Amino acid sequence: MTIIGTSPVTIVFSCIFHLCLLITPIFLLAHNILIEDAVGFSLFSFSERFTDRLTFIFLICAAYFLIRRVFLPRLRAISSVYDYVILVVTTAPFLTGYLVYYQVFDYKIMIILHMLTGELMLIAIPFTKIYHMVFFFIGRFVLIHQHTLGKGSRTW
Amino acid sequence: MIEEQTAAVDIKFIRDMLDKNKGKMKLSLSVCAHCSLCAESCFLFNAYNKDPKYMPSYKFIHSIGILYKKKGKVDRSMLEEISINIWKRCVLCTRCYCPFGIDIPSMIALARSICRSQGVFPRYD
Ligand code: SF4
Ligand code: SF4
C-alpha cells in the first residue's frame, strides 16, 4: 500500500499546504504592486478574495500539522523542538499577513512583523529542512532512483 | 566474551566509523521530516499494535541518530538500549518506505555494525 493509502488525510493536507505556500505569496496583489513599483513589472495577480481564502486554507493545514504533532503518539515519539520551530517559521508570515489584511491589532507593528517573519523564512531556506523546496526537484527529476518522476529507471 | 561485554567503549573507533559514513548519515538525519509516514510500511509496527517504538524512523533516530548526536560518546548501557531498537524491533527486511527516499535499513545496519564492533549484539546462549 502506498502512503496515499495509509495516510490519505495527511497527504491531501500536505499537498494543499505546499500548493498554497508556493502560489499565495507569488500571485498576491499587494506583493505584485510593490514589485511593480520597484522594478516596473510584475506577475499577474489573483483577486484579493481568492488569496485571502488560500491563506486561510494554508493556516488550517498548518493547524492540522501542529495538532497532529502535539497529539499523535507516533509523532510525539520522534518530534524535536526543531520541528516546531520550522512550522512556526513557515506559518508566521502567513498568519501575520492575514492579520495585516484584516487590520487586526496595530497595522504598523503587524506589517513590520509580517516583513520580518517573511525575511526570516526566506533566510532560513538554505540553512534548514526548508531547502527541500530545491532538493525536491533534484530528487524527483534529476537523480535516478525509486522515487524518480522523470526518465530515471526504477530499481525496486 | 565476558571481557568483551564489560570493556570500555572505544569512542574513537565509533567516531571513525561514523565519519566514514558521515555523508549519507548526516543527510538522512537532516532530511527526515519526522512525519511518521513510514510507520505503516513496517510489518512490525502493524504487528505490535502500532507502537511508535516500532516505526522505522523511530528506530533509526534512536540508534544512529543518538550515536551521531553524541559524536560516539556513549557508554555500554546506551549501546545496549540502542541494540533493542535495531535488533529486537527490526529484522532488517528492508521493506520500509520513506517518501523522502531515506534509506532507513542502511542506517539501522550501520548502527548494528557499530554496536557489534563494541561487542554489543543479541546473544542466544
Ligand atoms: S523516515 Fe521518512 S517517512 Fe519516516 S519520519 Fe522520516 S521523513 Fe518521514
Ligand atoms: S527493515 Fe526494519 S524498520 Fe524496515 S520494515 Fe523491516 S523490520 Fe521494519
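So you know, we letter chains A, B, ... as the sequences are listed, proteins then strands, and number each from 1. Predicted, not measured: the structure shown is a model, and the values here were computed from it.
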**Request:** Look at atom CZ of Phe41(A) and say whether more than 12 heavy atoms of other residues, nucleotides or ligands are closer to it than 6.0 Å.
**Result:** no
**Prompt:** Short question: side chain of Lys129(A), backbone of Ala33(B) - any donor-acceptor pair under 3.5 Å?
**Reply:** no
**Prompt:** Looking only at heavy atoms, which two atoms of Pro52(B) and Ala77(A) are closest? And how far apart?
**Reply:** CB-CB, 3.7 Å
**Asked** Does CZ belonging to Phe56(A) count more than 12 external heavy atoms closer than 6.0 Å?
**Response** no
**Prompt:** Under 3.5 Å, side chain of Arg69(A) to main-chain N/O of His34(B), donor-acceptor pair present?
**Reply:** yes
**Prompt:** Once you round to the nearest 0.5 Å, how far does CZ of Arg74(A) lie from CD of Glu40(B)?
**Reply:** 4.5 Å
**Request:** Calculate, to the nearest 0.5 Å, the distance between atoms CZ and CZ belonging to Phe100(B) and Phe135(A) respectively.
**Result:** 13.5 Å
**Asked** How far does OG of Ser14(A) sit from CG of Leu37(B), to the nearest 0.5 angstrom?
**Response** 7.5 Å
**Complete:** Comparing Ser41(B), Ser30(B), Cys38(B) against chain A, the one with the most heavy-atom pairs below 4.5 Å turns out to be Ser30(B)
**Asked** If Ile, Leu, Val, Met, Phe, Trp and Tyr residues are connected whenever their side-chain heavy atoms lie under 4.5 Å apart, and connections chain through other members, are Trp87(B) and Tyr48(B) in the same group?
**Response** yes
**Prompt:** To the nearest 0.5 Å, what is the distance between CZ (Phe60(B)) and CD1 (Ile78(A))?
**Reply:** 8.5 Å
**Item:** Between Thr128(A), Asp83(A), Leu72(A), the one whose heavy-atom pairs under 4.5 Å with chain B are most numerous
**Value:** Asp83(A)
**Prompt:** Do you reckon Ile108(B) sits in the same ILVMFWY cluster as Val31(B), going by side-chain contacts under 4.5 Å, direct or chained?
**Reply:** yes
**Asked** Under 4.5 Å between side-chain heavy atoms, hopping through other hydrophobics if needed: is there a path connecting Leu22(A) to Val134(A)?
**Response** no
**Asked** Checking heavy atoms, do the side chain of Lys53(B), its backbone, both or neither come under 4.5 Å from chain A?
**Response** neither
**Message:** Is there a path of hydrophobic side-chain contacts, each under 4.5 Å between heavy atoms, that joins Ile111(A) and Tyr98(A)?
**Reply:** yes
**Prompt:** Would Ile67(A) and Leu75(A) show up in the same hydrophobic cluster when neighbours are defined by side-chain heavy atoms closer than 4.5 Å?
**Reply:** no
